[in-house]
Amino acid sequence: MAVHDGSFRAAVFGAGSWGTAFALVLADAGADVVLWARRQELCDAINQEHVNADYLPGIVLPDQVRATHDAEEAAAGADLVVLAVPSQCLRANLAGWSAFLPPAAILVSLMKGIELGTAKRMSEVIGEVTGSGPERISVVSGPNLAREIAGRQPAASVVAAHTEELAQRVQAMCHTPHFRPYTNTDVLGTEMGGAVKNVIALAVGIAVGLGFGDNARASVITRGLAETARLGQALGADPYTFSGLAGLGDLVATCSSPLSRNRTFGERLGEGMSVGEAAAISRQVAEGVKSCESILDLAGRAGVDMPIVEHVARMVRGDFTPQDMLRSLLSRSAKPERHGH
Ligand SMILES: NC(=O)c1ccc[n+]([C@@H]2O[C@H](COP(=O)([O-])OP(=O)(O)OC[C@H]3O[C@@H](n4cnc5c(N)ncnc54)[C@H](O)[C@@H]3O)[C@@H](O)[C@H]2O)c1
Ligand SMILES: O=P(O)(O)OC[C@H](O)CO
């Protein structure tokens, strides 16, 4: 099944939906994979049943994937170290793992969030905590709903790295007959696309929860993409990235799919649940709920107007009901489509 020409060792930190699904992709691409999980019971279940029933029930993992709760054991001998925990807990966790990471290993972020307080992207946090330079760090992002990937449904993605050469190495390590990664050297744009689409998916979910149809959904997606690109460009991203897989591709998948945790979370808010109530019924992370504030922070620092992100943040804070949010967004002054914020 592998497209990569040779075996390698991968460590995946985080045995949630995406960490587990990506472990399966790497195994299909020829890797021996060790999956680090927070809970020993989950490791035991994965090792005995070859299923991660908590996050991907019904998906049988390849024999080349085994789990451990021991970070040192997970990292030992890894050529590739993949990080897949919720964005807001990366820094603290990575500080504990850093000493075990092989110095030559490539570090890959699967995460789609911006750190609260610092407004840093995940690749920046990885660089700071591990002391690694950009020549070792890459990012995988795109329309990649974990459940579909784990079911080996076809999907494309983007591997972004500082150099084309590094992106190509990681591309080869995760290329399978079902998973088709493209390369990109715009790390910043790739990460911004992934993080902001979660907030736009919350907004789409709110519109759906309010009972609106496809016109509203498409309008929020399109204006959401406009504000994502505006922020990205102000920060130095390549505008093309936002019409690619890590921009438009991921935005459309996330905002259209009932599998999206962010869209579903937004739908619950739109139906009248509080943030606390919506969080209580999901055991998985909806990154946009926290990242709306850090993205707004970043936009403020860059002097960029992001009305959809701002309205989602105000709703998450409890300043707005869904009806207030709708009224406020629609009562903004009329604008030209281009260059009108
Ligand atoms: N699920 C997807 O379809 C998907 C696809 C692409 C990218 N992502 C991104 O991947 C990242 C991980 O998402 P996921 O879907 O695997 O999330 P998840 O909620 O399914 O799993 C998160 C994992 O992190 C662990 N975890 C939670 N809090 C932790 C903490 N404080 N310390 C250590 N571990 C902790 C959980 O036990 C779990 O194993 C997110 O940034 C998400 O946006 C997810
Ligand atoms: O379930 P979500 O909303 O975190 O979205 C999952 C992926 O990011 C889709 O590419």
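Numbering of ligands and ligand atoms starts at 1, following listing order. All values derive from a computational prediction rather than experimental measurement. Any value given below was found using the heavy atoms of this structure, including those in side chains, with hydrogens, waters and symmetry copies removed.
- Annotation: atom 4 (O) of ligand 2 to nearest protein heavy atom, R261 NH2, 2.9 Å.
- Here the side chains of L330 and R327 are not in contact, with every heavy-atom distance at 4.5 Å or above.
- The structure places CE of M192 at 5.0 Å from CG of L298, a figure rounded to the nearest 0.5 Å.
- The shortest N or O to N or O distance between R283 and ligand 1 is not under 3.5 Å.
- The option with the heavy atom closest to atom 2 (C) of ligand 1, from among A150, A146, S141, is A146.
- Looking only at distances, a side-chain donor or acceptor of H311 sits under 3.5 Å from a matching main-chain atom of P307.
- Of all protein heavy atoms, the one closest to atom 21 (O) of ligand 1 is G16 CA, 3.1 Å.
- Every atom of ligand 1 with a heavy atom of L145 under 4.0 Å away is listed here by number and element: 3 (O).
- When only interatomic distances are considered, the shortest N/O to N/O separation between V285 and ligand 2 does not fall below 3.5 Å.
- Considering only non-hydrogen protein atoms, atom 12 (C) of ligand 1 sits nearest to A84 O, 3.7 Å.
- Residue-to-ligand polar distances keep W36 apart from ligand 1: every N/O pair is separated by 3.5 Å or more.
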Stepwise side-chain hydrogen bond (donor to acceptor under 3.5 Å, both in side chains) test for D186 and T190 = CA-CA 6 Å; D186 181 15; T190 301; 5.3 Å; no

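- The shortest non-hydrogen separation linking I114 to A195 is CG1-CB, 3.7 Å.
- Side-chain N/O atoms of E115 and S294 include no donor and acceptor closer than 3.5 Å.
- You'll find the side chain of T20 stays beyond 4.5 Å of the side chain of L24, heavy atoms only.
- Ranked by closest heavy atom to atom 37 (O) of ligand 1, the top entry among R38, M111, M122 is R38.
- Using bins of under 30°, 30° to 60° and over 60° for the plane-to-plane angle, the ring pair H69/W36 lands in the parallel bin.
- Counting only heavy atoms of the protein, atom 36 (C) of ligand 1 lies nearest to Y55 OH, 3.6 Å.
- Annotation: atom 24 (O) of ligand 1 to nearest protein heavy atom, P86 CD, 3.2 Å.
- Side-chain atoms of R136 come within 3.5 Å of backbone N or O of P103 as a donor-acceptor pair.
- Remark: the backbone N or O of S87 is paired with a side-chain donor or acceptor of E287 at under 3.5 angstrom.
- In terms of protein heavy atoms, atom 10 (O) of ligand 2 is closest to D250 OD1, 2.6 Å.
- Between V285 and ligand 1, at least one pair of N/O atoms sits closer than 3.5 Å.
- The atoms of ligand 1 that sit less than 4.0 Å from any heavy atom of K112 are 6 (C), 7 (C), 41 (O), 43 (O).
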Intermediate values then yes/no, side-chain hydrogen bond (donor to acceptor under 3.5 Å, both in side chains), T321 and D324 = CA-CA 5 Å; T321 64; D324 295 335; 3.1 Å; yes

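- Between S260 and ligand 2, an N or O atom pair is found at a separation short of 3.5 Å.
- The cationic group of R261 does not satisfy the cation-pi geometry with F265, failing either the under 6.0 Å distance to the six-membered ring centre or the 45° limit from the ring axis.
- F8 and V12 fall within a single hydrophobic cluster, where Ile, Leu, Val, Met, Phe, Trp and Tyr side chains are chained together by heavy-atom contacts under 4.5 Å.
- In terms of protein heavy-atom proximity, atom 16 (O) of ligand 1 is closest to W18 N, 3.0 Å.
- L80 is connected to F179 through a chain of hydrophobic side-chain contacts under 4.5 Å among Ile, Leu, Val, Met, Phe, Trp and Tyr, so both are in one cluster.
- For the pair G14 and ligand 1, the shortest N or O to N or O distance does not fall below 3.5 Å.
- The proximity of R261 to ligand 1, defined as any non-hydrogen pair under 4.0 Å, is limited to the side chain.
- Under 4.0 Å from ligand 2, the heavy atoms of K197 that appear belong solely to its side chain.
- Every atom of ligand 2 is numbered from 1 in the order shown, and the set under 4.0 Å from a heavy atom of G142 is 10 (O).
- Under 4.0 Å from ligand 1, heavy atoms of S17 appear from its side chain as well as its backbone.
- Counting the atoms of ligand 1 from 1 in the order shown, those under 4.0 Å from a heavy atom of C89 are 29 (C), 30 (C), 31 (N), 32 (N).
- Remark: ligand 1 atoms within the under-4.0 Å shell around heavy atoms of N144 are 3 (O), 5 (C), 6 (C).
- Residue contacts with ligand 1 for E287 involve side-chain atoms from C-beta outward but no N, CA, C or O (heavy atoms, distance under 4.0 Å).
- For K112, the heavy-atom gap to ligand 2 drops under 4.0 angstrom.
- Put simply, no part of G113 is less than 4.0 Å from ligand 1, judged by heavy atoms.
- Of the protein's non-hydrogen atoms, L110 O, 3.4 Å is the one closest to atom 9 (C) of ligand 1.
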Take S256 and R217 through the test side-chain hydrogen bond (donor to acceptor under 3.5 Å, both in side chains) and record every step on the way to the result.
-> CA-CA 8 Å; S256 311; R217 191 167 62 89; 3.2 Å; yes

